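Here's the structure, in structure tokens; my notes come after.
Proteins get letters first, then strands, A, B, ... in listed order; numbering begins at 1 in each. From a predicted model like this one, the values you see are computed outputs, not experimental measurements.
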Amino acid sequence: MTKIVELRTGILEKNDLLAQGLRQQFAQANVRVSNWVSSPGTGKTALLEALLTVAVSRGVRAAALVGDCATDNDAKRLARSGAPVRQIVTESMCHLESDMIGEHLTGWDLAEVDVLVIENVGNLVCPTAYDLGEDTRVALLSVTEGEDKPAKYPQLFHSADVVVITKTDIANAVEWDRSRAIDAIRSVNPSAPIIETSAKNGTGIDALIDLLSTPSAAGTHPPQLQEAP
Amino acid sequence: MHELSIAHAVVSTVSDALPDAHTRVRAVRLRIGQLSGVVPQALEFAYDVAAQGTALADAVLVIERSPIVIDCPTCGHQTLADAHDFTCPTCHVPCGTVISGKELEIVDITLDDAVVAAT
């Protein structure tokens, strides 16, 4: 004899519950949190370094958690900005999960932080499924990657609250087709703000800080799981 | 390749749902959306590894794929969409609302009562 037991449970429910707890913790401390996701080489760290430096100079209290499979190279780079930074070494895991965020916040006084940026492991697929308790999911795309990347990786670009285009200072040199890229983004995400940036010349960095530090700019990122119809 | 993490989450969640330590699972049915980022073949492979030595070791994994369905804000029609383009085929407006296709869900599990009774 066998019996069927209906569960109707999200596979990542444990991650999602922890993420909800983090989200409440962030809201109580009035911290705006963003989760940056892109492929390796998009320039997340270079942009984040520039953003943290400008944020510190503007008096915005910014902090960062950076995820990589190995090394603390990124944390060292980012610490040059003067902002508090911690490295999360995932030991080959291809994405961050919410328990890693909780562990790496230990000892930080969130009341001293206005904006927390979580730089995910460079990967366009796996991080998409994992809620980290962020307010804003940021998908990044560089002008060297190909304008149709949002069509090739729709999961990420659909789930993004903000889309950031990086390395615009070399757009002409690589014959970047801006309108084709924006069409590809809009085909899977009709409403997310698109910010064009350059870590080299500072384009878009103030706008991005404003967007990530304003409570009404992007809604609370919805949990990944949806009730099946 | 986060399918191994997903497989471990399936095994952990199902194990927690079992009534006792003797119950054996015969089947696990999942619903995996086409926009979930999970590849069924990779998940099946990872599941075989994750289930070893657990109450799910002999359980068959059944994966149902749910298609991407978009809801058009202009004409109100719900239609199937390709993964790379959520444009309404009727009025050609990009649609932000995906009402199906993101699922990562454990639908149900089949338990072996005979084993429970015998132990």
Side-chain angles (χ1 to χ4, degrees), chain A residues 1-17 37 90 92-97 99-100 121 123-131 148-161 182-192 222-229, chain B residues 1-7 9-10 12-14 16-19 25-39 43 64 66 68-69 73 78 81-87 93-117:
Chain A
M1 282 288 290
T2 58
K3 68 173 178 180
I4 295 175
V5 178
E6 187 173 85
L7 289 187
R8 289 204 164 262
T9 303
I11 294 173
L12 297 178
E13 188 182 46
K14 287 179 184 173
N15 179 82
D16 293 345
L17 288 172
V37 185
T90 64
S92 300
M93 195 188 265
C94 53
H95 59 275
L96 296 178
E97 298 188 7
D99 59 344
M100 301 174 187
V121 179
N123 184 322
L124 282 166
V125 179
C126 310
T128 307
Y130 293 85
D131 184 6
D148 59 348
K149 204 146 215 179
K152 291 176 176 171
Y153 298 90
Q155 297 94 342
L156 170 63
F157 287 91
H158 172 73
S159 73
D161 302 301
I182 288 174
D183 285 348
I185 294 165
R186 287 292 175 239
S187 292
V188 294
N189 190 328
S191 58
Q224 282 299 293
L225 182 76
Q226 287 200 340
E227 193 67 29
Chain B
M1 267 304 291
H2 59 311
E3 280 78 3
L4 189 57
S5 297
I6 301 280
V10 169
S12 167
T13 304
V14 171
D16 289 349
L18 299 180
V25 184
R26 291 292 161 230
V28 177
R29 191 154 63 103
L30 307 180
R31 181 172 288 127
I32 304 292
Q34 286 183 344
L35 197 63
S36 69
V38 170
V39 180
L43 181 56
E64 295 179 354
S66 48
I68 300 168
V69 179
Q78 296 179 353
D82 291 332
H84 62 279
D85 188 358
F86 304 157
T87 304
V93 172
C95 304
T97 308
V98 171
I99 59 171
S100 164
K102 297 181 189 174
E103 298 82 0
L104 276 177
E105 187 190 40
I106 305 169
V107 180
D108 56 37
I109 54 178
T110 305
L111 304 182
D112 197 335
D113 267 357
V115 173
V116 176

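Heavy atoms closer than 4.5 Å to chain A are found in both the backbone and the side chain of B:A83. At a 4.5 Å heavy-atom cutoff, the contact between A:E97 and chain B is made by side-chain atoms alone. Contact annotation for B:I68: neither backbone nor side-chain heavy atoms come within less than 4.5 Å of a heavy atom of chain A.
Residues passing the ring pair (Phe, Tyr, Trp, His ring centres under 6.0 Å) test with B:F86, sequence neighbours excluded: A:H158. Looking at residues two or more places apart in sequence or on another chain, you find no side chain to side chain donor-acceptor pair (under 3.5 Å) involving A:S187.
Between B:D16 and A:K14 there is a salt bridge, since a side-chain N of the basic residue sits under 4.0 Å from a carboxylate O of the acidic one.
Side-chain contact between B:H2 and A:Y130 is present, with at least one heavy-atom pair separated by less than 4.5 Å. In this structure the side chain of B:L111 never reaches within 4.5 angstrom of the side chain of A:T2, judged on heavy atoms. Counting only heavy atoms from C-beta outward, the side chains of B:E105 and A:R8 approach each other to under 4.5 Å. Side-chain contact between A:L7 and B:D108: absent, with no pair of heavy atoms (C-beta onward) separated by less than 4.5 Å.
Note: B:I109 leads B:D85, B:I109, B:T110 in heavy-atom pairs under 4.5 Å with chain A. For chain A, the option among B:G37, B:A17, B:G33, B:A81 with the highest count of heavy-atom pairs below 4.5 Å is B:G37. Ranked by heavy-atom pairs under 4.5 Å with chain A, the list B:G96, B:A27, B:S36 is led by B:G96.
Taking OG of B:S5 as the reference point, atom CG of A:N15 lies at 10.0 Å (rounded to 0.5 Å). The distance from the CG atom of B:D112 to the CE atom of A:M1 is 10.0 Å, given to the nearest 0.5 Å. Between the CD1 atom in A:I11 and the CG atom in B:L30 there is a gap of 4.5 Å [rounded to 0.5 Å].
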